[in-house]
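The next block holds one structure in the form of C-alpha cells; read it before the comments.
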Amino acid sequence: MLGIFDSQRVSRSLISHSPNRWDWFLMPLILAVILGIAFGAMQMSRPFIVGEPTPISLDPVNLPYYLLRTMLRMFTALFFSLLFSFVFAAIAAKYRAAEKIMVPMLDILQSVPILGFQAIAIAPFIALFPGNLLGVECAAIFAIFTSQAWNMAFSLYQSFRTVPPELNEASRIFRLSAWQRFWRLELPFAMPGLLWNMMMSMSGGWFFLVAAEAISVANQDIKLPGIGAYIAVAIETENGSAIAWAIGAMLGGILLYDQLFFRPLLAWADKFRFEETQGETAQHSWLLDWGRRSRWVRALTDSFWNKLSSALGWFALDRNNVTEPTKARFSSPIWARLWDAILIVAVLFACYELMTFVFAKAGWREVLHVVSLGMITLLRVLLLIGLASLIWVPIAVWIGFRPQYSQKVQAVAQFLAAFPVNLMFPLVVFVLVTYQLEPNIWLSPLMVFGTQWYILFNVVAGASAIPNELRLATDNLGLKGWLKWKRVYLPAIFPSYITGAITASGGSWNASIVAEYVTWGSTSLMADGLGSYIKQMTDAGDFHRIALGIGVMCIYVTLLNRYFWRKLYLLAESRR
C-alpha cells in the first residue's frame, strides 16, 4: 500500500507542475527510449528451437534494429555488472577472510576467456528457457557480463581500499553505519573512477561482441540479431562494404549512449571529486542541463533522492551507544591459519578434479606443449602492456588535467576502445599475406589494441582527481620536467595506473583468443600461443583440451597478478 501511495503522491506532484518548454523537449526523447526498450524486450523472448537457422541479413536497413538489440544486451549486462561490483567491493574491502578468496577468484575469472564462459553457460541457459529465444539471449548477456564485470569490480575495490584516512575518521565521528558509509562516503569517493571504468567496460563489451552474439560451440552455430552477428556474417562472406556499415553503426551507437548516458553521469559526478571542482574545468552535458531545467524531471528526481535519503537510515547506528560496534573478524591467529588451510585444501581439490578431467584425453606431452604456448603469450602480454604504458600514461595525464579536452576526446576514445579487432581482419590478412609477414610478430599488436584503453581511462580518472591545490603548489615550487613527474604526477596516478594495468593485462590474455587466430573468409592466420590453442579447441568442441587451455591461462594470470601486479598494487596502497 505504501508503494501505491508513493505513486499517487508523485503523480499529484507532476500534475501540480505545469510542463515548461524543457519538458516538451525531453518528452519525445524519453518516450522514444521507453518504446525502444519495450520493442527490443519483446523481440528477445520469441519462440526458438535449437538447431533452426537464425538468418542475419547484411542489408544496411536492418542495422538500426540490430543496434537496438545489441545495446539492450550491453546495458542489461552493465546493470548486473554494477550490482556485482557493489557486492564484491563492499565485502572484499572490509573483510580480510573474504578478501583471501574473492581477490584471487577475481584474478581467475578475469583470465577465463569469454569462450570458456560461453561453452559452459550456453546449455544451462537454453535448458532454463526451453523453446524460447530468451535462453540464448541470457547466454549472450552473460558473455558480455564477463567482459565488463571484473574491471568494474576491481576498480571499485581499489577505490574503497584507498579512501583517505581523514574521510574514514570523519565517518566514525559522525557515527555512520556500514550501510551509510557505503552510500555517503565510499561510493561517492569511488564514483569518478567507477564511471570511467563503466565506459571502459562498455567498450570491452563491444570488443567481444562477435563472440557473444555469434555463438559457435561444439558445432552448434547460433547467431542473434545484433551488430556482433552482423560482423560475423560479413567476415564469413568477405563483405567489405558490410564491415564499413557496421563500423558506422557502432560509431552511431557509441555517440548515442555517450551523449544520453555517460556524459550526463560524468557531469553529475563532478560534485563527488575529492577537491573543490573549478567551474572552468567541470564536465558539461546538454542533457543534464535540460533535465535540471525541466519541472517534471526535477519533480521525479527530487522524489527519488528523498526516498534514497530515507533509505539510508534503515541501518543507522544507535546514537546512544558510545562505541561503534566492531565487525566480526578472524582475530585469532589459529582461526586465520585454519581458514588458510581450508582454502589450500579447496584449491588442491579443484586442481585434482581439473587434472583428472584433462588427462582423460590429453597426456603430459600436450600439457607441457600448452605450458610453452602460455609462456609465449605471457611474453607478448608483458611487452605490449609496457609499450602501451609508455605511450598512454603521458597522454592520459594531459587529458585528465584538461577536462575541456577530455570531453572532446571521450567519445573518440570510447569508439577506439570498443572497436572490435575482428573488423581489422580484412586489413591484417591482406597486409600479412601480401608482404609475407611473420604472424607470430605482426598479429601480436592485435592483443593490446582493445585493452590498452584500460590504462588510458584509469589514468585519466586518476589525473583528474589530483587536487588543484597540489598542482598549483607544484607550479609555485618551480618543479618541472622529470622531477615533477617523479615527485607529484606518478605517485598520484600510481594506484589508478595499477588498476588499469591489471585489467589491461587480463584483457590482453582474453584478447589473445581473437588476436592469435585471424580468419577472413577462407583465409586463416595463426600465431603460436595459448589463445590460438583455445580458439582451435573451442571450434572443434574438445572440452577436455578447452579446460586444459583455460586452466593453464588461469595459472599464468593468477601467478602474474599475485607476484607482480599485486606487489605493485600494495605499494600504491601504502603511498596513498
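Values below: all heavy atoms of this structure, side chains included; hydrogens, waters and symmetry mates excluded. Just so you know, residue 1 is the first one in the sequence shown, and it goes up from there. All values reported here derive from a predicted model rather than from experimental measurement.
- Put simply, CD1 on I385 and CE on M447 are 8.5 Å apart, with the number rounded to the nearest 0.5 Å.
- Checked against the 6.0 Å centroid threshold, F182 and F160 count as a close aromatic pair.
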**OP:** In sequence, state the C-alpha distance, the side-chain angles, and the governing distance for L68 and Q43, and then conclude on side-chain contact (heavy atoms from CB on, under 4.5 Å).
**Re:** CA-CA 11 Å; L68 172 65; Q43 298 300 311; over 6 Å; no
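- Considering all non-hydrogen atoms of both residues, I141 and A77 come closest at O-CB, 3.7 Å.
- I399 is listed as a side-chain neighbour of I395, based on a closest heavy-atom distance under 4.5 Å.
- Side-chain N or O atoms of S532 include none that pairs as donor or acceptor with a backbone N or O of G529 at under 3.5 Å.
- With hydrogens and angles ignored, the 3.5 Å screen pairs a side-chain donor or acceptor of E213 with a backbone N or O of A229.
- Side-chain contact between L156 and L187 is present, with heavy atoms from C-beta onward closer than 4.5 Å.
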**OP:** Might you work through the side-chain contact (heavy atoms from CB on, under 4.5 Å) test for Y66 and S57, ending with a clear yes or no?
**Re:** CA-CA 10 Å; Y66 291 163; S57 172; 4.0 Å; yes
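- Other residues, nucleotides and ligands place no more than 12 heavy atoms under 6.0 Å from the CH2 atom of W442.
- Salt-bridge annotation for E516 and K535: absent, with no side-chain N of the basic residue lying under 4.0 Å from a carboxylate O of the acidic one.
- The two atoms that bring I227 and T70 nearest to each other are N-OG1, 2.8 Å, heavy atoms only.
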Subject >> Criterion side-chain contact (heavy atoms from CB on, under 4.5 Å) on I247 and L251, from CA distance to verdict >> reply: CA-CA 6 Å; I247 293 174; L251 178 59; 5.6 Å; no
**OP:** Could you walk me through whether W206 and I254 pass the side-chain contact (heavy atoms from CB on, under 4.5 Å) test, one step at a time?
**Re:** CA-CA 10 Å; W206 283 103; I254 292 170; 4.0 Å; yes
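- Salt bridge status for R46 with E137: absent, with no side-chain N to carboxylate O gap under 4.0 Å.
- S464 places no side-chain N or O within donor-acceptor distance of the main-chain N or O of G400, the cut-off being under 3.5 Å.
- When ring centroids are compared, F75 and F261 come within the 6.0 Å threshold.
- Applying the side chain to side chain donor-acceptor pair (under 3.5 Å) rule to Y497 yields the partners S389; only residues at least two apart in sequence or on another chain are considered.
- When all heavy atoms are compared, the tightest approach of A153 to A89 is O-CB, 4.3 Å.
- Within the 4.5 Å cutoff, the side chain of M44 has heavy atoms near those of the L72 side chain.
- The shortest non-hydrogen separation linking T377 to L530 is OG1-N, 2.9 Å.
- Put simply, the side chain of V557 does not reach to within 4.5 Å of the side chain of V381, judged on heavy atoms.
- Using a 4.5 Å heavy-atom threshold, the side chains of Q536 and M526 count as touching.
- Distance alone, capped at 3.5 Å, places no donor-acceptor pair between the Q259 side chain and the L256 backbone.
- Between atom CZ of residue F86 and atom CG of residue L83 there is a gap of 7.5 Å, rounded to the nearest 0.5 Å.
- Note: F84 and F88 have parallel aromatic rings, judged against thresholds of 30 and 60 degrees for the angle between ring planes.
- A distance-only check finds no donor-acceptor pair linking the side chain of D59 to the backbone of N62 [under 3.5 Å].
- Among residues two or more places apart in sequence or in another chain, the ring-ring contact (aromatic ring centres under 6.0 Å, His included) test is passed with W245 by none.
- Of the possible donor and acceptor atoms, none in the side chain of S155 sits under 3.5 Å from a partner among the backbone N and O of N151.
- Here R73 contributes atom CZ and I144 contributes atom CD1; the two are 7.0 Å apart, rounded to the nearest 0.5 Å.
- Of the possible donor and acceptor atoms, one in the side chain of S512 sits under 3.5 Å from a partner among the backbone N and O of W509.
- Side-chain N or O atoms of S508 include none that pairs as donor or acceptor with a backbone N or O of V448 at under 3.5 Å.
- Of all heavy-atom pairs between M152 and L82, the closest is CE-CD1, 3.5 Å.
- When atom types are taken as modelled, the side chain of Y230 and the backbone of L58 share a donor-acceptor pair closer than 3.5 angstrom.
- Note that the CE atom of M74 and the CG atom of L209 stand 6.0 Å from one another [nearest 0.5 Å].
- When side chains are defined from C-beta on, L29 counts as touching L260, because their heavy atoms get closer than 4.5 Å.
- A 6.0 Å sphere centred on CE of M27 holds more than 12 heavy atoms belonging to other residues, nucleotides or ligands.
- Taking CG of L194 as the start and OG of S85 as the end, the distance is 7.0 Å to the nearest 0.5 Å.
- If you look at F145 and W150, their ring centroids are closer than 6.0 Å.
- Contact between N458 and G500 at its shortest, heavy atoms only, is ND2-CA, 3.4 Å.
- The shortest distance between side-chain heavy atoms of T76 and F79 does not fall below 4.5 Å.
- Here the CD1-CE distance, from I513 to M553, works out to 5.0 Å after rounding to the nearest 0.5 Å.
- L134 is not listed as a side-chain neighbour of L128, based on a closest heavy-atom distance of 4.5 Å or more.
- A donor-acceptor pair is defined here as one N or O able to donate and one able to accept, closer than 3.5 Å; no such pair exists between the side chain of S294 and the backbone of W290.
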